[in-house]
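Chain A is the first sequence line, chain B the second, and so forth, proteins listed ahead of strands; every chain is numbered from 1.
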Number of protein chains: 2
Amino acid sequence: MRGDAIVQNELTIPRRRIICRAQDLIDSVLFVCEGWAASLVTLPNGDRQILSFLLPGDIVSSALLFRPNPSCLVETITEVTCRSFDRTEFMRKATAELGALSVLWIGEKEGADRLAIDLGRRTAEERIARLILSLMERLVMRGLAQGTTMDFPLRQHHVADATGLTPVHVSKLLTDFRRRGLIRISDRSLEIVDDAALRRIAGLR
Amino acid sequence: MRGDAIVQNELTIPRRRIICRAQDLIDSVLFVCEGWAASLVTLPNGDRQILSFLLPGDIVSSALLFRPNPSCLVETITEVTCRSFDRTEFMRKATAELGALSVLWIGEKEGADRLAIDLGRRTAEERIARLILSLMERLVMRGLAQGTTMDFPLRQHHVADATGLTPVHVSKLLTDFRRRGLIRISDRSLEIVDDAALRRIAGLR
DNA sequence: CGGCCCTTTGACGGACGTCAAATAGCGTGG
DNA sequence: CCACGCTATTTGACGTCCGTCAAAGGGCCG
């Protein structure tokens with residue numbers, strides 16, 4: 001899935017900005033190069049559910065590979081730079097590599113299923129621990145973190161929106177995590193101090 | 001995606017039986033012809049989360065299109081008959097029709113996202129109402145229900161496993177729905193008596 | 001310095017879970 | 001057809017996790 005030849009352009013988006021809406025018509029495929037974003041849904045009552053965080057290297061809504069209608073809102077968290085490709089052009093090249101596409105597909109589906117399991121069957125503590133660990137793991141896999149410390153641009157309301165909780169409860173649990181010496185947060189950076197304990201809470205052996 | 005020529009065979013599975021496990025190796029693609037099944041995950045503590053119900057016409061785990069490892073357990077609810085196709089053979093034919101594949105893909109992803117939203121942000125009442133309405137809708141689309149009445153082979157523990165609730169709480173809410181004249185359940189069949197009210201509860205205008 | 005957003009903290013309430021016991025169905029075998 | 005046993009469902013009392021509300025600090029930027 002090398003697409004260097006068909007780069008449409010590269011663009012930079014300020015933080016807290018909407019990249020695309022569910023009603024938009026988008027004829028390009030976007031990949032995040034730097035920064036964090038989130039794809040999410042907002043309910044009539046104003047509640048928000050973040051479906052996934054987009055980190056550098058992620059595709060913005062793989063549904064856009066197949067049709068121009070985004071399935072949900074995508075919003076930047078930090079400033080984001082990304083590359084856009086013409087959709088039909090991109091798919092002409094990608095079709096040959098169905099394998100790479102299927103990896104994308106399966107990865108997204110597994111992520112969505114994991115989220116459902118967390119929200120359906122785990123406590124607030126478990127959900128937050130799992131969120132932290134999964135973000136760390138994804139960043140480490142991409143060489144963007146060393147294993148115990150990572151950039152952490154999320155506000156507590158992002159954590160709340162991702163875990164199905166309220167910002168108030170997230171605050172209580174995060175300060176509790178800190179008091180128990182599990183993590184350290186300062187200056188938009190998060191350090192996992194007691195990895196084993198955090199994994200135990202997350203239900204990972 | 002017509003595959004009549006490559007049917008491997010047709011098989012019948014009794015109710016309450018496991019079709020495939022996450023550790024299995026399956027080199028065929030299965031489609032449900034009759035009956036209901038569920039794909040689900042079980043946690044170490046015994047909790048279960050149903051990720052989707054499989055109705056006649058559904059593919060059993062579309063991940064199996066691309067690799068032989070199921071991502072979760074699939075279990076029959078009623079007796080199920082299904083058709084199996086050789087995976088590589090099936091994909092050879094399907095690759096030409098990327099459009100049909102993408103419809104499958106997007107449908108599954110949307111289903112998974114809807115589930116996460118329900119579990120993260122909706123009350124027990126809303127979740128159950130939405131489950132009933134979505135099952136009805138899917139059956140009607142396939143001509144398997146007339147719009148107000150459907151076969152309903154689910155036990156309350158299935159509803160609980162799908163909505164992230166306990167069987168006890170599901171029982172209380174279902175009897176409440178019945179007392180309020182919203183639905184009628186008898187003899188493994190469910191009738192929506194007050195569709196408008198049920199939709200209102202579900203948050204669908 | 002003032003305003004805004006974010007975080008923290010505490011008191012309180014409600015939705016849902018847990019536990020337990022009673023009842024109802026349902027299939028099996030006598 | 002009845003007896004039995006198992007599994008589902010119902011119901012009530014009670015507990016707890018998490019939400020709501022409100023107020024009081026931080027931190028950052030003009």
Open item on the list: Assuming nearest nucleotide by heavy-atom distance, tell me which of B:Arg16 and A:Leu165 is located more 5' along DNA chain D.
Closed with: B:Arg16
TODO: Could you check whether B:Arg127 gets within reach of a base, just the sugar-phosphate, or nothing at all, counting any heavy atom under 4.0 Å?
DONE: nothing
- [ ] Please list, by residue number, the residues of residues 148-164 of chain B whose heavy atoms come closer than 4.0 Å to an atom of DNA chain D; answer none if no residue qualifies.
- [x] B:Arg155, B:Gln156, B:His157
Open item on the list: Applying the side-chain hydrogen bond (donor to acceptor under 3.5 Å, both in side chains) criterion to A:Glu75, which one of A:Arg48, A:Arg21, A:Arg16 satisfies it?
Closed with: A:Arg48
TODO: Map B:Arg15 and B:Thr123 onto DNA chain C by nearest heavy atom, then report which one ends up closer to the 5' terminus.
DONE: B:Thr123
Open item on the list: Within this structure, what is the OG-CG distance for the pair A:Ser84 and A:Leu30, rounded to the nearest 0.5 Å?
Closed with: 5.5 Å
- [ ] Classify the ring geometry between A:Phe90 and A:Phe31 as parallel (under 30°), tilted (30 to 60°) or perpendicular (over 60°).
- [x] tilted
- [ ] Give a yes/no on whether any side-chain N or O of A:Ser171 is located under 4.0 angstrom from OP1 or OP2 of C:dT9.
- [x] no
Open item on the list: Angle between ring planes, A:Trp36 versus A:Phe152, binned at 30° and 60°: parallel, tilted or perpendicular?
Closed with: perpendicular
TODO: Over all heavy atoms of both residues, which pair between B:Cys72 and B:Val41 is shortest? Give the atoms and the distance, please.
DONE: CB-CG2, 3.8 Å
- [ ] Figure out the CG/P separation between B:Asp47 and C:dT18, and round it to whole Å.
- [x] 8 Å
Task: Whole-Å distance separating the CD1 atom of A:Ile77 from the P atom of C:dC5 - done: 18 Å
Open item on the list: I need the NZ-P distance between B:Lys172 and C:dG14, as an integer number of Å.
Closed with: 17 Å
Open item on the list: Can you give me the closest heavy-atom contact between A:Ile201 and A:Glu126, atom names plus distance?
Closed with: O-CG, 3.4 Å
TODO: Could you list where the contact with chain A starts and ends along DNA chain D, reading 5' to 3', using a 4.0 Å heavy-atom cut-off?
DONE: D:dC18 to D:dC21
Open item on the list: Under 4.0 Å between a side-chain nitrogen and a carboxylate oxygen: does that hold for A:Asp176 and A:Lys172?
Closed with: no
Task: Contact summary for B:Ser39 and B:Val74, nearest pair of heavy atoms - done: CB-CG2, 4.0 Å
Task: salt_bridge(B:Asp118, B:Arg127) N-O dist < 4.0 Å - done: no
TODO: Take the protein atom CG of B:Asp176 and the nucleotide atom P of C:dA15, then report the distance between them rounded to whole Å.
DONE: 12 Å
TODO: Take atom CZ of A:Arg121 and atom C1' of C:dC16, then tell me their distance rounded to the nearest Å.
DONE: 12 Å
